Amino acid sequence: MVTALDEIFRDEWGRVLATLIGVLGDFDLAEDAAQEAFVIAADHWPRDGVPTNPRAWLIRTARNRATDHIRRDRAFAARLGLLVAAQEVEMPVDTTTFPDERLELIFTCCHPALGIEAQVALTLRTLGGLTTDEIARALLVPERTMAQRLVRAKRKIKAAGIPFRIPPDHLLRERLDAVLTVVYLIFNEGYGGRDELAAEAIWLGRALTELLPDDPEVRGLLAMMLLHDSRRETRFNDGELVLLEDQDPSRWNTTQIAQGRAELDQAIALGGRGPYVLQAAIASLHAEMPCDWAQIAALYGELTRLTASPVVELNRAIAVAETEGPQAGLRIVDELGLDDFRYLHSTRAELLRRHGRTDEARDAYRRARELTEDGAERRFLERRLTELANRTDSGSDPAAPE
């Protein structure tokens with residue numbers, strides 16, 4: 001039952017919370033009520049069985065708990081207003097269809113009154129259901145700092161009276177960049193193994209294409225997510241990370257690849273050459289075997305010119321190494337100022353290993369391991385270190401220069 005409840009939590013948290021925020025207009029009250037509903041479910045469902053419509057049960061229970069809290073706080077005028085709102089809104093708790101308010105929620109979380117760090121954190125908290133500690137680790141900040149950031153963001157939304165709705169057309173465009181950034185970051189967090197977050201991001205991407213069908217970057221983002229997610233089943237094997245070159249292409253999701261490429265074609269037809277369209281084009285090439293690494297390197301070069309991102313340049317180094325050898329990739333990597341970025345060190349370690357520079361590779365793997373908390377990634381790095389140690393002990397050449 002714990003497993004079933006965990007699965008329902010992953011699937012329904014964002015929908016339940018978005019619905020409650022839409023009704024109550026208060027992030028903290030809605031979040032507390034949703035958490036109480038799941039606690040009650042954990043107590044009742046093992047005994048009574050999982051209801052036919054878990055989401056309806058959770059929303060009804062959470063709303064009742066919120067109403068109880070409001071009634072106990074009648075001394076607070078603001079809470080009195082929320083009570084009226086909660087009583088006046090008719091929620092279809094006895095039906096199988098609910099208004100899905102996740103799109104309204106992400107536009108609320110991404111209001112320009114909040115900084116981008118707060119936007120990302122609040123969206124991961126509300127839509128993704130991540131704990132404060134998980135968000136802090138994902139965004140590389142102390143947990144205490146993240147907790148304060150979330151509190152300030154919720155207070156600002158409440159104090160500024162930020163409406164819970166999709167903005168009108170004349171404001172939609174200026175809010176879109178922040179929303180796309182947050183969806184992209186949610187997908188990235190999910191791509192590391194949180195499948196429910198990746199699914200949430202793809203849902204949001206589809207919803208945004210319905211809202212803005214003629215925006216090439218919206219379609220580019222959706223295309224990129226679909227193409228990357230098509231390889232989800234092959235990225236891990238019994239919990240262990242599998243590199244692209246070791247994946248089984250026959251297990252890739254061909255339907256998602258076709259959908260992603262269709263979205264990419266539409267984005268290009270709309271004149272798209274922005275960052276998300278370029279990343280989608282790269283993802284499309286990654287979904288081919290063998291990969292056209294020269295074209296991938298060229299696209300990363302164009303993306304670097306658009307974004308000036310050292311992380312993009314790191315990816316270009318990987319593609320260059322595939323076509324020109326590890327030394328060419330190392331020349332790019334060694335010019336990047338990303339000393340605290342674990343993927344720089346893991347990439348550098350791989351290239352050094354391939355080039356036969358064993359001692360330097362070992363040091364780079366160790367540095368990457370120091371910076372990595374993810375279990376699957378740490379185990380991969382430890383396997384690489386073990387391989388280097390075994391080869392050195394046996395006296396064999398650890399890697400021939402390429």
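In this text, all values refer to a predicted model and were calculated from it rather than measured experimentally. What's counted below: heavy atoms across the whole structure, side chains too, no hydrogens, waters or symmetry copies.
- Inter-residue side-chain proximity for Ile296 and His286 is flagged as met; some heavy-atom pair is nearer than 4.5 Å.
- Summarising the geometry, atom CD1 belonging to Ile135 is positioned 6.5 Å from atom CE belonging to Met146; distances are rounded to the nearest 0.5 Å.
- In this structure, Ile40 and Arg65 have side chains that are in contact, with non-hydrogen atoms separated by less than 4.5 Å.
- A distance of 5.0 Å separates CD1 of Ile157 from CG of Leu122, quoted to the nearest 0.5 Å.
- When atom types are taken as modelled, the side chain of Asp43 and the backbone of Val39 share no donor-acceptor pair closer than 3.5 angstrom.
- Between the Thr209 side chain and the Arg206 main chain, a donor and an acceptor come within less than 3.5 Å of each other.
- At least one side-chain heavy atom of Val183 sits under 4.5 Å from a side-chain heavy atom of Met225.
- With a 4.5 Å cut-off on side-chain heavy atoms, Leu244 and Arg231 count as touching.
- When all heavy atoms of Leu264 and Ala223 are compared, the pair lying nearest together is N-CB, 3.7 Å.
- Across all non-hydrogen atoms, the minimal contact from Val277 to Gly272 is CG1-O, 3.5 Å.
- In this structure, Arg235 does not pair ionically with Asp229, as no charged nitrogen and carboxylate oxygen lie closer than 4.0 Å.
- Using modelled atom types, one finds a donor on one side chain and an acceptor on the other under 3.5 Å when comparing Gln247 with Thr234.
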Q.
Could you walk me through whether Phe380 and Leu243 satisfy the side chain to side chain contact (heavy atoms under 4.5 Å, CB included) test, starting with their C-alpha distance in whole Å, then the side-chain angles of each, then the deciding distance to 0.1 Å, before giving a yes or no?
A. CA-CA 10 Å; Phe380 172 81; Leu243 298 182; 3.7 Å; yes
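- Ion pairing of Asp339 with Arg367 is present here, as a side-chain N (NZ or NE/NH1/NH2) and a carboxylate O approach within less than 4.0 Å.
- Scanning all heavy atoms of the two residues, the minimum distance from Val182 to Cys110 falls at CG2-SG, 3.5 Å.
- A donor-acceptor pair is defined here as one N or O able to donate and one able to accept, closer than 3.5 Å; no such pair exists between the side chain of Glu31 and the backbone of Leu17.
- Of the possible donor and acceptor atoms, none in the side chain of Arg102 sits under 3.5 Å from a partner among the backbone N and O of Leu204.
- What you find for Gly205 and Val218 is that their closest heavy atoms are O-CG1, 4.4 Å.
- Counting heavy atoms from C-beta outward, Thr108 and Pro163 have side chains that stay 4.5 Å or more apart.
- Glu313 places none of its side-chain heavy atoms less than 4.5 Å from the side chain of Glu335.
- Not one N or O on the side chain of Lys154 forms a donor-acceptor pair closer than 3.5 Å with the backbone of Asp28.
- Atoms CD and CG, from Glu200 and Leu124 in turn, are 10.5 Å apart once rounded to the nearest 0.5 Å.
- Ring planes of Trp57 and Trp45: perpendicular class, angle over 60° (limits at 30 and 60°).
- The closest side-chain donor-acceptor pair between Ser250 and Asp248 falls under 3.5 angstrom.
- Counting heavy atoms of neighbouring residues, nucleotides and ligands inside a 6.0 Å radius, atom CZ of Arg155 does not exceed 12 of them.
- Here the CG atom belonging to Leu330 is positioned 5.5 Å from the CG atom belonging to Asp334, to the nearest 0.5 angstrom.
- Looking at heavy atoms from C-beta onward, Leu351 lies out of side-chain contact with Arg357 at the 4.5 angstrom threshold.
- Remark: Asp215 CG to Leu222 CG distance equals 12.0 Å, nearest 0.5 Å.
- For the side-chain hydrogen bond (donor to acceptor under 3.5 Å, both in side chains) test with Tyr365, the passing option among Glu350, Glu360, His345 is Glu350; the others fail.
- Salt bridge status for Arg353 with Glu387: absent, with no side-chain N to carboxylate O gap under 4.0 Å.
- With hydrogens and angles ignored, the 3.5 Å screen pairs no side-chain donor or acceptor of Glu36 with any backbone N or O of Ala62.
- In this structure, Glu263 contributes its side chain and Arg219 its backbone to no donor-acceptor pair below 3.5 Å.
- We find that Arg354 and Glu322 are joined by a salt bridge, their nearest charged nitrogen and carboxylate oxygen being less than 4.0 Å apart.
- Of the inter-residue distances, the one linking Leu241 atom CG with Phe236 atom CZ reads 5.5 Å to the nearest 0.5 angstrom.
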(Q) For a side chain to side chain contact (heavy atoms under 4.5 Å, CB included) check, start with the C-alpha distance between Thr131 and Glu143, then their side-chain angles and the critical distance, and finish with the verdict. (A) CA-CA 10 Å; Thr131 65; Glu143 183 178 358; over 6 Å; no
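- Formation of a donor-acceptor pair under 3.5 Å by the Arg378 side chain with backbone atoms of Arg369 is found in this model.
- Looking only at side-chain heavy atoms (C-beta outward), Phe107 and Leu172 come within less than 4.5 Å of each other.
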**Q.** Worked check of side chain to side chain contact (heavy atoms under 4.5 Å, CB included) between Asp32 and Gln35
**A.** CA-CA 5 Å; Asp32 289 345; Gln35 289 174 342; 4.0 Å; yes
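- Under a 4.0 Å N-O distance rule, the pair Arg379/Glu382 does not qualify as a salt bridge.
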Q: Verify side chain to side chain contact (heavy atoms under 4.5 Å, CB included) between Ile202 and Gln256, making sure each step is shown before the conclusion.
A: CA-CA 11 Å; Ile202 290 172; Gln256 272 192 302; 4.2 Å; yes
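- For the residue pair Arg261/Ser284, the side-chain donor-acceptor check at 3.5 Å is satisfied.
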